[in-house]
Every structure is written in C-alpha cells, then in structure tokens.
Amino acid sequence: MKLKSALVGLSSAMVMMTSAAHAEKWDMPMAYSGSNFHSVTGAEFAKCVTTGTGGDIEIVTHPSGSLFKGADIKRAIQTGQAPIGERLLSGHQNENPVFGVDSLPFLASSFDDAAKLWKASKPTMESILDKQNLVLLYSVPWPPQGLYFKKEVNSVADMKGIKFRSYNNATARLAELTGMLPVTIEAAEISQAFATGVAESMVSSGATGYDRKVWESLTHFYEVDSWLPRNYIMVNKDVWGKTSEANQNVINACAQMAEYAGTWRAKEYTGFTLTGLRNGGMTVGPASDTLTSELKEIGATMTEEWLKAAGDDGKAIVDAFRAM
Ligand code: PCA
C-alpha cells in the first residue's frame, strides 16, 4: 500500500516535471491601456490558453504599449522578438492599402456592417499576413468613430487649422481633406498630447476618449459613426508551426470565444463610455447636418482614392461586402 502510493506520487511528480520542461511563456504585447475592453479580452484569452493547454503555453499580456509600442508590435512578431500580439489592422495601410478597408468613412458604420465587411475581407487579410510570416487568430472591432474637439464645430470650415491626432493613414488623410494638421500619436500617449496642446482634436471611439479621460482637455464629442476599425491578434508563423495540434486547437477555440466576447464588449461599451464622457462634462451628440453631409463627400473621395490604391483585391472585398 505504502509502495503503491509512493509510486503514484512519483509518477505525478514526473508528469509535473515533463509538463514544466515543455512549458513555454508567450509574451503578448498590446498597445492599449489595461482597462480598455480589447486588453481585458486579451487577458481573458491569455488565461483561457494557459488553462486549456494545462500550462504548456502560458500567455502573459503586456498592455499600454509597455513591451512594444503599437507601431512596433507587428514587426516584433514577424521577426520573432515576441511570439504573439495585438495591433490595429489599419495601422498597416502603408504596407498594403487593403489593410485600410475598415477605415473608409461610411462604408461600414454599424456593428452589423462591420461584421459583414470583416467576413468579406478576412480571407484576403489571412493570405497577406501569411506571406508576412503571421497567422491571424481573432479580430475585434472598436466602437463607431466620432470627432473630438475643444470647441463647438458645425462644419468643415470650423475645423481649419486644428491640430489633429491621427492613428493611421485614413485619419491623417481625413485631417488633410478637412484643412486640419495631422500628427500621429499612439492612444497610450494622447492624454499628455491633449494636455500639452500637441493635439487638439481626434477621431476615435467613445471608448478611447473614456479610457484616456479626455474630458480633462477636450469639450465636444460628435457621434459621426464614420467607421469601426479593428484590432487583431497575430502569432508568428514559425512559433505556430512548432505548436502541437492539440494546443493549436485550444488556442483557436479560445480565439473564437475572445472574438465573440470582445465584440459583445465593444457594443456594450459604446453607450457606457458616451455616458462616461458626459459625466466628465463633455457635450456629446450627433454632428450637424452640414458637417455630416460635408464628411460624407470627403468619405466618397477617400473611398475612390482607396479603390484606386487597393486594386483588384480591394475592389473584390468591397463588391463582396456590398452583395451581402
Ligand atoms: N481607438 C484607437 C483606434 C480606434 C479607437 O477607437 C485609437 O484611438 O488609437
């Protein structure tokens, strides 16, 4: 009896040793603040993988750009400096215009349309990423984008000369077409940029304004609902190739749950954060009819420009989306 329990003890100790020998830690850089719903979703995804693989793979998230800044995350994963991470998909528009499809003003401006656009574009995104040594795991949209200012703005003329914080090519182009002065700033650094006057305006979600407490510097949020950009989680393809099939299955299942939960959070967070902006003292409401129609014209120009740049791949995505 004694011998038997000793043997059982020994064998379970050996099991523990074996799994400890195979255990891997995957650092996961993320660009947005820890309290943001994308980061919360990423942390739950990490926990799901750690639990589901029995500790074989422990994913540790690093939000707020603390490990790599947003603009450096994709390269870090492509080159194997980090095995996994999250980035704004449209942040890569200068590598390939197709990445910017989710930031075309008024092409897909509701959660339902954003889901359709993602369905239409996902196979193309997967194949572009695959050629860049990356595997796409899941993607979650941001809430609809609106305009932030530190004064009342009722037309494009009112925007002239304002210093505008941009986060991708499309937002910089929007600034140019409205006579504003674009400056690229990571979300993690906007509170300071607004406090010091480096920027005075931006297009973003209520979520980011709420996370960064922008009411300390800004006064107005206009619910333009111009587009819903997406974040996505990618893994280095070599790392993925070395991962056992069983663990790949766990990761894919956790990714599916994360995409569902993250999208749900994005929807819930939309109203909650707009109320938060109001409670912070900001004026929150729809844009004037004049501003809306002027922005729609600019959106048409940007879509035309993008279709030229994105070629057949871009046109195929937009056609597929419009047919849904
Ligand atoms: N927040 C991010 C991207 C889109 C959004 O809503 C940002 O402002 O950087």
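Quantities reported herein were computed from a predicted structural model and do not represent experimental measurements. All ligand and atom numbering here is 1-based and tracks the order in the structure.
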**Study point:** Pick from Arg165, Arg230, Glu189, His38: the one approaching atom 7 (C) of ligand 1 most closely through a non-hydrogen atom
**Key:** Arg165
Practice item. Closest by any non-hydrogen atom to atom 1 (N) of ligand 1: pick that one out of Val203, Asn231, Thr208. Key: Thr208
Review point. Can a salt bridge be assigned to the pair Lys242 and Glu24 using a cut-off of 4.0 Å between side-chain N and carboxylate O?
Key: no
Check your understanding: Do NZ/NE/NH1/NH2 and the carboxylate oxygens of Glu305 and Lys308 come within less than 4.0 Å?
Key ->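 Salt bridge absent between Glu305 and Lys308.
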Review point. With a 6.0 Å cut-off on ring centres, are Phe194 and Tyr148 close enough?
Key: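 No - the distance between ring centres of Phe194 and Tyr148 does not fall below the 6.0 Å cut-off.
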**Study point:** Cluster check Ile128, Leu104: I/L/V/M/F/W/Y, side chain < 4.5 angstrom
**Key:**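 Cluster IDs for Ile128 and Leu104 match.
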Revision key, fill the gap. So the atoms of ligand 1 within less than 4.0 Å of a heavy atom of Pro229 turn out to be 4 (C)
Review point. Going by the atom numbers of ligand 1, which of them fall below 4.0 Å from some non-hydrogen atom of Tyr32?
Key: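 Every atom of ligand 1 under 4.0 Å from some heavy atom of Tyr32: 2 (C), 9 (O).
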Practice item. Starting from atom 6 (O) of ligand 1, locate the nearest protein heavy atom and write down its residue, its atom name and how far away it is, to 0.1 Å. Key: Ser205 OG, 2.6 Å
Review point. Among pairs that include at least one residue of residues 213-259, which meet disulfide (SG to SG under 2.5 Å), considering only residues two or more places apart or in two chains?
Key: Cys48-Cys254
Check your understanding: In terms of ring plane angle, is the pair Phe45 and Tyr138 parallel, tilted or perpendicular, where the classes change at 30° and 60°?
Key -> perpendicular
Review point. Under a heavy-atom criterion of less than 4.0 Å, does Met202 contact ligand 1?
Key: no
Check your understanding: Do any heavy atoms of Ala207 fall under 4.0 Å from ligand 1?
Key -> no
Review point. At under 4.0 Å between heavy atoms, which part of Gln145 makes contact with ligand 1: side chain, backbone, both or neither?
Key: side chain
